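One structure is given below, encoded as structure tokens.
Quick caveat: nothing in here was measured; it's all calculated off a predicted structure.
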Amino acid sequence: MHPSTLGYLTKQESIAVFGVDDLLIRSLLDKNQFHDPLDEALNLGISSAMWPLFGLLWPSGQHMAERMALRPVTDERILEIGCGLGLSSLIAHRRGANVTASDCHPLTHAFLDENTRLNGLSPMNYRHGLWGTAALREDGLPVLTSSQDEDVSGLFELIVGSDILYERDDEGTLANFIDAHAAVASEIWVVDPNRGNRAAFHRHMGRVGFAMQEQVLDQVAHGEQPAYKGRMLTYTRG
């Protein structure tokens, strides 16, 4: 356990991902951590309940990281959206891929920099990535905080995101965000732990020209490995 001078507790763990060397990851100690004295997160639409979620490792992220570990390294441009601790991005970066991590939480970049340092890696590309209702404050007040990082820009041949279908999105804002940053010929990976918003996301991705394949990722508990239910969604275009 590591006390932070910023008002929250962290821990450091060695994380095993099949197919690659273990990674040292500093994360929040638990989901009860919170520190937003200047309302920077709140002003970006991140409530106190949502605040710690960026800084934890989630099972869906582990599944995405395992798939990323098997991806052949080419000159393709990769974007991870809603990256949180960026486990998949860290794996791709260490393997030499051209990857950019993105999130809307004001502390994501600092945690990513710390975890690249812990693993002896060079700094990784990071951008501010915000879509949909995450840009609205729950109390109805206007957004007052600007990100310290540049917004996501450019086009990417591979876009990945784990557990990003956590909100109802009737307007298709996530699909529109992906469409704005996906190359004409591109592939999208989404790991979804059966949140219930998958069907609407399928429709919106079809609207912007993507065909979809679904793979069941369900697994029973084994040793210290908890049970998991979810889907790997693969969308292709071009």
Side-chain angles (χ1 to χ4, degrees), residues 17-20 60-84 86-104 108 112 121-132 134-135 149-167 169-195 197-217 230-238:
V17 176
F18 181 77
V20 294
S60 295
Q62 185 84 16
H63 282 283
M64 182 66 78
E66 290 172 358
R67 186 173 184 183
M68 185 65 76
L70 299 175
R71 180 78 168 187
V73 175
T74 67
D75 60 355
E76 69 180 348
R77 292 159 293 181
I78 303 172
L79 173 68
E80 183 175 10
I81 60 177
C83 71
L87 184 61
S88 294
S89 290
L90 286 164
I91 287 173
H93 181 57
R94 186 171 64 180
R95 297 179 67 226
N98 179 7
V99 61
T100 297
S102 68
D103 203 293
C104 63
T108 300
L112 196 65
L121 303 175
S122 60
M124 188 193 309
N125 293 329
Y126 178 81
R127 293 292 183 269
H128 180 69
L130 188 62
W131 67 84
D149 299 290
E150 295 180 25
D151 290 339
V152 174
S153 62
L155 300 178
F156 299 84
E157 285 77 34
L158 176 64
I159 298 177
V160 305
S162 55
D163 203 356
I164 56 175
L165 306 182
Y166 49 82
E167 288 185 322
D169 185 13
D170 293 334
E171 311 250 327
T173 55
L174 175 54
N176 292 340
F177 180 84
I178 291 172
D179 181 42
H181 300 293
V184 173
S186 53
E187 190 171 359
I188 315 300
W189 297 352
V190 175
V191 177
D192 176 48
N194 297 337
R195 288 287 188 188
N197 297 313
R198 199 164 62 241
F201 184 63
H202 289 344
R203 290 195 302 272
H204 290 300
M205 289 296 284
R207 172 177 52 81
V208 295
F210 284 94
M212 184 274 297
Q213 290 184 329
E214 219 176 278
Q215 176 189 356
V216 176
L217 297 177
R231 300 286 190 276
M232 171 68 76
L233 312 176
T234 302
Y235 302 87
T236 54
R237 180 174 74 180

May I ask you to decide if A182's main-chain N or O and R237's side chain share a donor-acceptor pair within less than 3.5 Å? yes
Would you say I159 and I81 make side-chain contact, with heavy atoms under 4.5 Å? yes
S186 side chain vs L158 backbone, donor-acceptor pair below 3.5 Å: no
Looking at every non-hydrogen atom in both residues, tell me the closest pair between M64 and S162 and how far apart they are. CB-CB, 4.1 Å
Walk me through it: do V190 and I164 pass the test side-chain contact (heavy atoms from CB on, under 4.5 Å)? CA-CA 8 Å; V190 175; I164 56 175; 4.1 Å; yes
Less than 6.0 angstrom separating the ring centers of F201 and F210, yes or no? no
For N176 and V208, run side-chain contact (heavy atoms from CB on, under 4.5 Å): C-alpha distance rounded to whole Å, both residues' side-chain angles, the deciding distance at 0.1 Å, then the answer. CA-CA 8 Å; N176 292 340; V208 295; 4.2 Å; yes
Residue pair H202, L233: steps toward the side-chain contact (heavy atoms from CB on, under 4.5 Å) verdict: CA-CA 9 Å; H202 289 344; L233 312 176; 3.9 Å; yes
Atom CG of N194 and atom CG of D163: how far apart are they, to the nearest 0.5 Å? 10.5 Å
Donor-acceptor under 3.5 Å (N98 side chain, D75 main chain): no
When you check the side-chain N and O atoms of S60 and R195, is any donor under 3.5 Å from an acceptor? no
Indicate the atoms forming the closest heavy-atom contact of M68 with I78, along with that distance. CE-CG2, 4.1 Å
For E157, is there any backbone N or O sitting under 3.5 Å from a side-chain donor or acceptor partner on E76? no
Which atom of C83 lies closest to which atom of D103, heavy atoms considered: N-OD2, 3.2 Å
E150 side chain to R127 backbone, donor-acceptor under 3.5 Å: no
Where do M205 and A175 come nearest, in terms of heavy atoms and distance? SD-CB, 3.8 Å
Is there a donor-acceptor pair under 3.5 Å between the side chain of H93 and the backbone N or O of N125? no
Rounded to the nearest 0.5 Å, what separation is found between the OG atom of S122 and the CZ atom of R94? 12.5 Å
Is a side-chain N or O of D169 found less than 3.5 angstrom from the main chain of L174, in a donor-acceptor match? yes
Which heavy atom of V17 sits nearest to which heavy atom of A69, and what is that distance? CG1-CB, 4.4 Å
For the residue pair R67 and T234, establish whether any side-chain heavy-atom pair is separated by less than 4.5 Å. yes
What distance separates E167 CD from N197 CG, expressed to the nearest 0.5 Å? 9.0 Å
Closest non-hydrogen atom pair, C104 against L130: CB-CD1, 3.4 Å
Can you confirm whether more than 12 heavy atoms, excluding those of E171, are under 6.0 Å from its CD atom? no
Testing H63, Q215, E214 for side chain to side chain donor-acceptor pair (under 3.5 Å) with R231, which one passes? E214
Can you list everything that forms a ring-ring contact (aromatic ring centres under 6.0 Å, His included) with H181? Sequence neighbours excluded, please. F177
Heavy-atom distance under 4.5 Å between the side chains of I91 and R95, does that happen here? yes
Between atom CG of L165 and atom CG of D192, what is the distance when rounded to the nearest 0.5 Å? 4.5 Å
Pair E187-R71, side-chain contact (heavy atoms from CB on, under 4.5 Å): steps then yes or no: CA-CA 12 Å; E187 190 171 359; R71 180 78 168 187; 3.2 Å; yes
